[in-house]
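Data block below; observations after.
Heavy atoms only: backbone and side chains are in, while hydrogens, waters and symmetry mates are out. Letters A, B, ... mirror the listed sequences (proteins, then strands); counts begin at 1.
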Protein chains: 2
Amino acid sequence: MSGTRDRLIEATAELFRRQGYHGTGVKQIVETARAPFGSMYHFFPAGKEELGAETIRRSGAIFGQLIGYFYAAGTDPVAATRMFFDAAAQTVHESDYADACPIATVALEVASMSEPLRLATAEVFESWLTTLDTHLVEAGLTKTQARKLSVSLFSLLEGSFILARATRDHTHVRAAGRAAAAAVRTALEKRATRRADPAERFPESRRSPAT
Amino acid sequence: MSGTRDRLIEATAELFRRQGYHGTGVKQIVETARAPFGSMYHFFPAGKEELGAETIRRSGAIFGQLIGYFYAAGTDPVAATRMFFDAAAQTVHESDYADACPIATVALEVASMSEPLRLATAEVFESWLTTLDTHLVEAGLTKTQARKLSVSLFSLLEGSFILARATRDHTHVRAAGRAAAAAVRTALEKRATRRADPAERFPESRRSPAT
DNA sequence: GTCTATAATTTGATAGAC
DNA sequence: GTCTATCAAATTATAGAC
């Protein structure tokens, strides 16, 4: 059917990832997509903002699937974390520091500028956190523990993406991945400890002198 | 003398933080700074890019001083981390999710677009890491340990800023701060352990069955 | 649905009077 | 150094033929 619409979104996604929302012009989008100018406003009557929202959701879904692929059911969360960050670091490096998070740049740009676009980025991020939550809960964490850890994993990834792209040093993403894996391991150990040692349910007991 | 130049930079800094580089027009800058249009090109002959680079360095220096204030000599790094993230979360909240990192948006925007601006952001980030490194080394970590931890602290802060602004939930920054403080505490404990127990210098020994 | 021409506005930047 | 008028180009968006 209308492959043009898809090409427009794919082209926009690629340009947004590298240049952000305001750094990408509509003209550049239709040129990249090899689509006629008028088709853009045919498929997206509300213009750039509508195309932007659609692109954010599409890019977010794809990246979310990638997260789900690494954090698949039955996979060790510690290993998954290490592998995911390492793969991300490799992609950042191989793309010459162009391809990191597909929507982070746009998210920061529109956070205080466009409520529809901000909402789209928020929904995407929330879906990523939910994916991580689910897997961490399967691994034994409570929902509260899982959510806190998911926020840390998200932050370590996104923050290290910023640092890597700015300094052109992808090892920052690997380093953040090591810290992330350690955080996951610690969280899982705490769970194991609590289950194995009921006394640990009383935090006050930890105030006793170290052995 | 020329307060006009300073006002231009200050206005640009404020606009960049909220709207990014491409989302901020030169006209808007001079209006915000209440400066005549011509003055901009008088003080910054190379135009927006030159003003942008100057602004990145200025904003970066101010935020770097803030980091140095929290991580002052003699301060407990764990407490400093918790307090810094909490203060950041509060600022994000009180500014209605407008004021987070002063240069992160610009850093992502220009990473693949302008080498002079990218370099400015890289230098700023590097200076922040160095400030953190110094304090962590004073607290007893090796340079290698300190740098890894600094990258994690940076990433947790920047990543949680993205999440907080997108979702309009500043508690994400607090949560990341808790994880950051925990990472600092763990790193310092490892240091203490190694100093107290020379056997720990041989990682292989940890492979022995748990007691 | 496709494509071109063009409108309307905004962009970064300059010239030149004061 | 200040300020205005203005430029050329790029921006988003529309109209209308095909």
Determine: side-chain N/O of [X] to OP1/OP2 of [N], distance under 4.0 Å, yes or no.
X     : N      : value
B:Y41 : C:dT14 : no
B:T4  : D:dT2  : yes
A:S39 : C:dT2  : yes

Scan for salt bridge (Lys or Arg N to Asp or Glu O under 4.0 Å) pairs involving residues 123-151 of chain A, sequence neighbours excluded, and state none if there are none. A:R57-A:E123, A:E126-A:R147, A:D133-A:R147

Which pairs, with at least one residue in residues 38-50 of chain A and sequence neighbours excluded, count as a salt bridge (Lys or Arg N to Asp or Glu O under 4.0 Å)? none

Secondary structure of DNA chain C per the Watson-Crick/G-U criterion (both distances under 3.5 Å; [ ] crossing, | other strand, . unpaired) is ||||||||||||||||||

So, using ring-ring contact (aromatic ring centres under 6.0 Å, His included) as the criterion, who are the partners of [X] when residues are at least two apart?
X      : value
B:F125 : B:W128, B:F154
B:F44  : none
B:Y71  : B:H135
B:H172 : none

In plain terms, say whether A:R7 and A:E10 are close enough for a salt bridge, that is, a side-chain N and a carboxylate O under 4.0 Å apart.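 Answer for the salt bridge query: no.
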
Looking at A:E54 and A:R58, is any side-chain nitrogen of the basic one under 4.0 Å from a carboxylate oxygen of the acidic one? no

Can you tell me how far [atom2] of [N] sits from [atom1] of [X], to the nearest Å?
X      : N      : atom1 : atom2 : result
A:E49  : D:dT11 : CD    : P     : 18 Å
A:F44  : D:dT12 : CZ    : P     : 15 Å
A:M113 : D:dT12 : CE    : C1'   : 14 Å
A:K48  : C:dT10 : NZ    : P     : 15 Å
B:M40  : D:dA5  : CE    : P     : 20 Å

Any donor-acceptor pair under 3.5 Å from B:S59 side chain to B:I56 backbone: no

Taking A:V110's backbone N and O only, do any of them form a donor-acceptor pair with A:S114's side chain (distance below 3.5 Å, no angle check)? no

Side-chain donor-acceptor distances from residues 72-79 of chain A under 3.5 Å, at least two apart:
unit_1: A:T75; atom_1: OG1; unit_2: A:A72; atom_2: O; d: 2.9
unit_1: A:D76; atom_1: OD1; unit_2: A:V78; atom_2: N; d: 3.3
unit_1: A:D76; atom_1: OD2; unit_2: A:A79; atom_2: N; d: 3.2

Side chain of B:H42: nearest nucleotide among C:dG12, D:dT2, D:dA13? D:dT2

Mind listing the residues from residues 25-37 of chain B sitting with a heavy atom below 4.0 Å of DNA chain D? Number order is fine. B:P36, B:F37

Output the residues of residues 13-24 of chain A in contact with DNA chain D, where contact means a heavy atom of the residue under 4.0 Å from an atom of the strand; sort by number or write none. A:T24

Take B:T24 and B:Q19, measure what side-chain hydrogen bond (donor to acceptor under 3.5 Å, both in side chains) needs, and give me the verdict at the end. CA-CA 6 Å; B:T24 302; B:Q19 309 176 338; 3.3 Å; yes

Under the rule for side-chain hydrogen bond (donor to acceptor under 3.5 Å, both in side chains), what residues qualify as partners of B:S112, not counting sequence neighbours?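 Expected list: A:R165.
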
Does A:H22 have its ring centroid less than 6.0 Å away from the ring centroid of B:H22? no

Can you pull every protein N or O that's under 3.5 Å from an N or O on nucleotides 16-18 of chain C?
none

